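Only one structure is covered here, and it is reproduced in the block below.
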Amino acid sequence: MTFQESPAGGSSSRPPTLNYDVEADWNLLYTCNFRCNYCFFPPKILGSKLQIHADPDGWARAFESTQRTWLLHITGGEPTIYPRFTELCARLSERHILSINSNLSHPAIEGLVDSVDPGRVHFINAALHVEERLKRGGLDLFVARVNQLRQAGFSVMASLVMTPERIADFTDFEEIFASHGLALHPKVLRGQHAGLVFPEAYSLGDRVLLRQYIARAAAYDAAGSHPMGEAATIDLFTEASLVDGPRDYTGQLCASGSRFVRIEPDGSVFRCGTTEPLGNLLDGTLSLLPSPRACNTNYCPYFCEKYTQPQFLQVRAE
Ligand code: SF4
Ligand code: SF4
């Protein structure tokens with residue numbers, strides 16, 4: 001994979017090529033300072049005591065011991081509340097490429113500007129969770145942090161989870177973002193909300209509006225569609241494909257387990273949604289699958305779509 005200068009980028013000195021061997025969906029923690037009512041995780045888990053399983057050097061050593069270059073999608077919970085988050089990103093980005101999923105509520109996100117080369121960060125998914133954001137001082141801080149990161153050269157995509165309430169008032173938020181020169185990408189709601197299961201529970205009218213809003217954001221933000229030359233894994237430009245529900249990948253050949261894994265807060269590694277263990281990064285027992293296998297589980301559709309593509313199904317020489 002070749003990463004190039006992002007049209008949305010700024011002052012970074014990005015390397016002309018940048019390769020990774022394995023991508024990880026890394027749940028650094030499950031604790032979060034927000035309580036979104038559509039969150040995958042219940043309040044008890046979001047409010048659980050933050051567990052630290054390694055410091056920045058410990059995590060860096062663990063990834064280095066694999067002798068692979070990683071694309072680390074750092075998520076949670078809210079990853080920026082992890083102690084020494086900025087230092088963790090700085091340390092990991094020396095050898096690996098990061099992507100970060102954050103609600104931008106913690107000042108640690110600003111630390112990236114001085115500590116991390118934007119050329120080592122594929123993209124930042126800045127998730128605007130409106131109800132929780134409005135309880136904490138409004139949109140201004142969120143917009144200011146998006147702009148601060150973009151001006152520093154990071155590719156930032158602002159997104160909004162589309163509950164039916166947000167579909168109804170989306171244009172209000174879209175206009176606020178446009179007034180700052182920013183796109184706001186609709187994100188299809190998946191899972192439980194208000195006793196209903198989405199996206200199945202969207203009305204026909206909701207679906208029509210959703211598709212319009214998704215297309216409008218993609219057109220507005222077209223220059224940022226391939227940060228560093230490759231679409232972001234959480235590819236908000238293809239969100240329309242999820243409006244009627246994700247595809248079923250059962251039985252399809254997938255590189256998950258060999259080119260992609262899920263990492264848990266304690267360093268344990270799994271293929272994707274499965275409970276089949278692939279070892280633990282922190283105790284040096286990681287053992288990736290040697291080759292792609294048929295899908296026998298389900299997971300986040302962004303990763304499913306990416307790792308069933310032909311370019312990821314070739315067996316890599318070790
Ligand atoms: S910010 Fe994310 S992890 Fe936190 S409660 Fe909201 S959806 Fe859940
Ligand atoms: S659930 Fe998705 S990532 Fe996992 S094996 Fe199936 S297609 Fe691949």
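If you're wondering where the values come from, they're calculated on a predicted model, not measured in any experiment. Numbering of ligands and ligand atoms starts at 1, following listing order.
Among residues at least two apart or in separate chains, side-chain hydrogen bond (donor to acceptor under 3.5 Å, both in side chains) pairs with a member in residues 194-207 are Ser203-Asp206, Arg207-Asp244. Residues in residues 123-138 take part in these side-chain hydrogen bond (donor to acceptor under 3.5 Å, both in side chains) pairs, two or more places apart or across chains: Tyr38-His129, Asn101-Asn125, Asn125-Ser159, Glu132-Lys135, Glu132-Arg136.
Of all atoms in ligand 2, numbered sequentially from 1 with element shown, those under 4.0 Å from a heavy atom of Asn298 are 1 (S). Numbered from 1 in the order shown, with element, the atoms of ligand 1 that lie under 4.0 Å from a heavy atom of Asn103 read 1 (S).
None of Ile167, Val243, Val188 except one satisfies the side-chain contact (heavy atoms from CB on, under 4.5 Å) rule with Met162; the exception is Ile167.
Leu313 is not listed as a side-chain neighbour of Tyr307, based on a closest heavy-atom distance of 4.5 Å or more. Looking only at side-chain heavy atoms (C-beta outward), Arg145 and Glu110 come within less than 4.5 Å of each other.
Here Glu230 pairs with Lys306 in a salt bridge; the nearest charged N to carboxylate O distance falls below 4.0 Å. Using a cut-off of 4.0 Å between Lys/Arg side-chain N and Asp/Glu carboxylate O, Arg259 and Glu23 are scored as not salt-bridged.
Checked against a 6.0 Å centroid threshold, the rings of Phe63 and Trp26 count as neighbours.
Around atom 8 (Fe) of ligand 2, the protein contributes the following N, O or S atoms at distances under 2.8 Å: Cys254 SG.
Panel detail: atom 8 (Fe) of ligand 1 has protein N, O or S atoms under 2.8 Å away, 1 in number.
Residue-environment remark: CG (Leu134) exceeds the threshold of 12 foreign heavy atoms within 6.0 Å.
A distance-only check finds no donor-acceptor pair linking the side chain of His180 to the backbone of Leu182 [under 3.5 Å].
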